[in-house]
Amino acid sequence: MSIPHHVAAGELLSALRGASCPSSALHLYSLLRVRLRPSDPSSFASRAAVFALKPLSAASSLPVLSHFHAHLLKTNLLAYPHVASSLLRCYSLLSPAVAHHLFDQIPPATCNLVVINIMLASLCRSSDLASARAFFDDIPNKDVISWSIMLACYFSHGRLADGLAFFRTMTFSTQLSADYVMLVTVLTGCASSGVLAQSCRDVHGYVVRHGLSCTIYLATALIDCYAKAGRLDYASHVFAQVPSRNVMHWTAMICGMVTHLRYEVAIQLFEEMCRRGVQPNEMTFTAMLSACGHAGLVEQGKMFFKLMVDKYGIEPSIHHYGCIVDLYAKAGKLEDAYEVIKAMRVEPNIVIWTSLLAACKKFKNFDIAVEGMEKVLTMEIIEENGGLYTLISDLYAMGGRWEDVVRIRRLMEARNVMKTRGLSSIKLGEPQGFTFSAIS
DNA sequence: ATAGGGTTAG
């Protein structure tokens, strides 16, 4: 890439702001540095550094970041709070240990709440809940972002009820009130575990009462939450109210339909979405393939897969392969399923093998099962699923391979696996004490 | 006007 000399520094800065890959960002940054004049305001240089750091957080490597870090020290740009916090965030995503070490060296005078919240988020990602909570408790002037980070941490550890209690603590014992980002966190927490529609309605009501703008994130989370709570009518209502629907809204709505077995509606929504010029993404296609699998629509599923690859140029992920293998397997097309597995560009996971093996048992095909069975036995995840041993043992019995049946039995004993009996659970009422409306 | 938290699959 070459940039002509007449391009102004301001234009380079805008280009840098939109850069998403580390190498092009660093390239633009170095061009910009060369063009800087002593008369330029110093804030200009610090903004450039912040923009350059953004893409470094995702796909970059530690040596690249250290190199940039050294440059920031030499140029004294690290003295800018925005630059320092951006750098810390990059480190926290690449190496939590380095970020922690850096954090300890920050003098108290420069250590503002932004830096502390970055550190809290880093702990939430890399440490246990108790350590994160201890750090949170020591923060002097927590803001709504500190509380949001901690709340998300409870949810990511599967502690829904504790998270909701924590949320209520904020609303009752501080002056802070939830902003829309925090409400998105609340909604996703609710959606992740057997939520009742009332919780979504509480959040929804709060949004309306407080005149919070229903952002893309918030509308998506509401649609998803209502759908997961079994209220497709409310979900559709929110969906219909969104002024300009984007791919997230459509996908959330489609997934809701698929979850509730409304496969034809899901397909209709997909078609309408395309008609309106909204481009489906990889998750939209996962939903479509899953719909076809459950509805037994083999030809339509193949069509979606082809459409995804040929027209939209989406590289199939493990999820897509999982759906398409399951689609063939459930339809008894074991050869086709096996062929997909052989041709996959990603390593097949236990879910994919299991769906093939289950179909092999159902359709009594021992030969296609053999490779998958041995593959599965080498995978570690099997410890959690005793039923898989039984499936494999049944398949060997079906093939008359009694010595292998004995081998599997011994393996089960050696690995101390119990056959999982049928388990079912039912949620009664709301997760404890979630009375959102109390904070109106 | 450049820093921190958030969305859709299973």
Side-chain angles (χ1 to χ4, degrees), chain A residues 13-14 16-17 41-54 57 77-78 80-90 92-93 110-122 124-125 136 139 142-153 155-156 178-189 191-192 214-225 227-228 235 239 242 245-259 266 273 280-291 293-294 317-320 322-323 326 349-352 354-355:
Chain A
L13 191 68
S14 325
L16 182 56
R17 174 195 243 143
S42 52
S43 65
F44 196 88
S46 74
R47 270 159 65 197
V50 167
F51 292 148
L53 276 165
K54 197 125 215 167
S57 62
L77 281 167
L78 207 52
Y80 290 87
H82 291 71
V83 175
S85 54
S86 299
L87 180 73
L88 183 68
R89 185 171 177 273
C90 286
S92 80
L93 292 168
T110 6
C111 194
N112 60 25
L113 190 53
V114 173
V115 163
I116 290 171
N117 283 341
I118 289 169
M119 204 52 222
L120 174 63
S122 176
C124 286
R125 278 189 300 269
F136 172 85
I139 301 175
K142 308 169 190 45
D143 65 3
V144 69
I145 297 181
S146 324
W147 283 85
S148 292
I149 296 166
M150 196 63 229
L151 177 65
C153 192
F155 291 155
S156 67
D179 63 2
Y180 81 90
V181 178
M182 192 173 206
L183 295 178
V184 169
T185 306
V186 173
L187 285 170
T188 46
S192 70
C214 209
T215 61
I216 293 172
Y217 280 119
L218 194 45
T220 306
L222 272 173
I223 293 166
D224 176 55
C225 198
K228 287 209 170 81
F239 179 72
V242 177
R245 279 164 283 197
N246 80 355
V247 61
M248 300 296 184
H249 304 120
W250 284 97
T251 304
M253 197 64 238
I254 289 171
C255 289
M257 292 299 174
V258 174
T259 306
M273 167 185 172
N281 66 15
E282 66 284 351
M283 293 206 187
T284 323
F285 279 108
T286 305
M288 298 324 294
L289 294 173
S290 160
H294 290 294
S317 74
I318 193 87
H319 302 290
H320 301 121
C323 290
D326 199 54
N349 60 17
I350 199 152
V351 177
I352 288 179
T354 305
S355 101

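Note that this is a predicted model, so its numbers are computed, not measured. Lettering of chains follows the sequences in order, A, B, ..., and the numbering in each one begins at 1.
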K.L.:
Between Ser290(A) (side chain) and Thr286(A) (backbone), is there a donor-acceptor pair under 3.5 Å?
P.N.:
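Judged by distance alone, no pair lies under 3.5 Å.
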
K.L.:
Kindly point out which of dA3(B), dG5(B), dA9(B) is positioned nearest to the side chain of Asp224(A)?
P.N.:
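Selected nucleotide: dA9(B).
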
K.L.:
Take atom CZ of Phe155(A) and atom C1' of dT7(B), then tell me their distance rounded to the nearest Å.
P.N.:
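In whole Å, dT7(B) C1' and Phe155(A) CZ are 15 Å from each other.
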
K.L.:
Looking only at side-chain atoms of Ile149(A), point me to the closest of dT8(B), dG5(B), dA3(B).
P.N.:
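Taking heavy atoms from C-beta onward, the closest nucleotide is dG5(B).
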
K.L.:
So what does Thr215(A) touch, heavy atoms closer than 4.0 Å: a base, only the sugar-phosphate, or nothing?
P.N.:
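Base contact.
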
K.L.:
Which one, dG6(B), dA3(B), dT8(B), comes nearest to the side chain of Met283(A)?
P.N.:
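In terms of side-chain proximity for Met283(A), the closest of dG6(B), dA3(B), dT8(B) is dT8(B).
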
K.L.:
I'd like to know if Ser86(A) reaches the base of dA3(B) with its side chain such that a donor and an acceptor end up less than 3.5 angstrom apart.
P.N.:
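Not at all, since no donor on one side and acceptor on the other fall under 3.5 Å apart.
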
K.L.:
From the options dG5(B), dG10(B), dT7(B), select the nucleotide whose nearest atom is closest to the side chain of Ser290(A).
P.N.:
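Looking only at side-chain atoms, Ser290(A) lies closest to dG10(B).
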
K.L.:
Categorize Lys54(A) for me: base, sugar-phosphate, or nothing, with a 4.0 angstrom heavy-atom threshold over every strand shown.
P.N.:
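Lys54(A): backbone/sugar contact only, no base atoms under 4.0 Å.
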
K.L.:
Under 3.5 Å, is there any donor-acceptor pair linking the side chain of Ser148(A) to the base of dG5(B)?
P.N.:
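Indeed, a donor on one side and an acceptor on the other fall under 3.5 Å apart.
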
K.L.:
Is a side-chain donor or acceptor of Asp224(A) paired with a backbone partner of Ala227(A) at a separation under 3.5 angstrom?
P.N.:
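Side chain of Asp224(A) to backbone of Ala227(A): no pair is present.
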
K.L.:
With sugar-phosphate meaning primed atoms plus P, OP1 and OP2, does Met150(A) contact a base, only sugar-phosphate, or nothing at under 4.0 Å between heavy atoms?
P.N.:
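The residue Met150(A) makes no contact with any strand.
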
K.L.:
Is a donor on one side and an acceptor on the other found under 3.5 Å between the side chain of His320(A) and the backbone of Glu282(A)?
P.N.:
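Yes, because the side chain of His320(A) sits within donor-acceptor range (under 3.5 Å) of the backbone of Glu282(A).
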
K.L.:
Starting the side chain at C-beta, find the nucleotide from dG10(B), dT8(B), dG5(B) nearest to Val181(A).
P.N.:
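It is dG5(B).
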
K.L.:
Nearest to the side chain of Tyr217(A), heavy atoms from C-beta on, is which of dA3(B), dT7(B), dT8(B)?
P.N.:
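Per side-chain heavy atoms of Tyr217(A), the pick is dT7(B).
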
K.L.:
Using the side-chain heavy atoms of Thr251(A), tell me which of these nucleotides is nearest: dT8(B), dA3(B), dG10(B).
P.N.:
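For the Thr251(A) side chain, the nearest candidate turns out to be dT8(B).
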
K.L.:
Which nucleotide in the set dG5(B), dT8(B), dA9(B) lies at the smallest distance from any side-chain heavy atom of His319(A)?
P.N.:
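So the side chain of His319(A) is nearest to dA9(B).
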
K.L.:
dG5(B), OP1 or OP2 - any side-chain N/O from Arg89(A) closer than 4.0 Å?
P.N.:
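Yes, Arg89(A) has a side-chain N/O under 4.0 Å of OP1/OP2 on dG5(B).
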
K.L.:
Nearest to the side chain of Tyr180(A) - dA3(B), dG6(B), dG5(B)?
P.N.:
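Of dA3(B), dG6(B), dG5(B), dG6(B) is nearest to the side chain of Tyr180(A).
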
K.L.:
Choosing from dG6(B), dA9(B), dG10(B), which nucleotide comes nearest the side chain of Lys228(A)?
P.N.:
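Closest nucleotide among those given: dA9(B).
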
K.L.:
Measuring from atom CD1 of Ile254(A) to atom OG1 of Thr284(A), what distance do you get when rounded to the nearest 0.5 angstrom?
P.N.:
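The CD1 atom of Ile254(A) sits 6.0 Å away from the OG1 atom of Thr284(A).
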
K.L.:
Have a look at Leu88(A) and say if it touches a base, only the backbone sugar-phosphate, or nothing, with a 4.0 Å heavy-atom cut-off.
P.N.:
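Leu88(A): no heavy atom of the nucleic acid under 4.0 Å.
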
K.L.:
Judged by atom type as modelled, is there a donor-acceptor pair below 3.5 Å linking the side chain of Ser148(A) to the main-chain atoms of Val144(A)?
P.N.:
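At least one qualifying donor-acceptor pair exists.
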
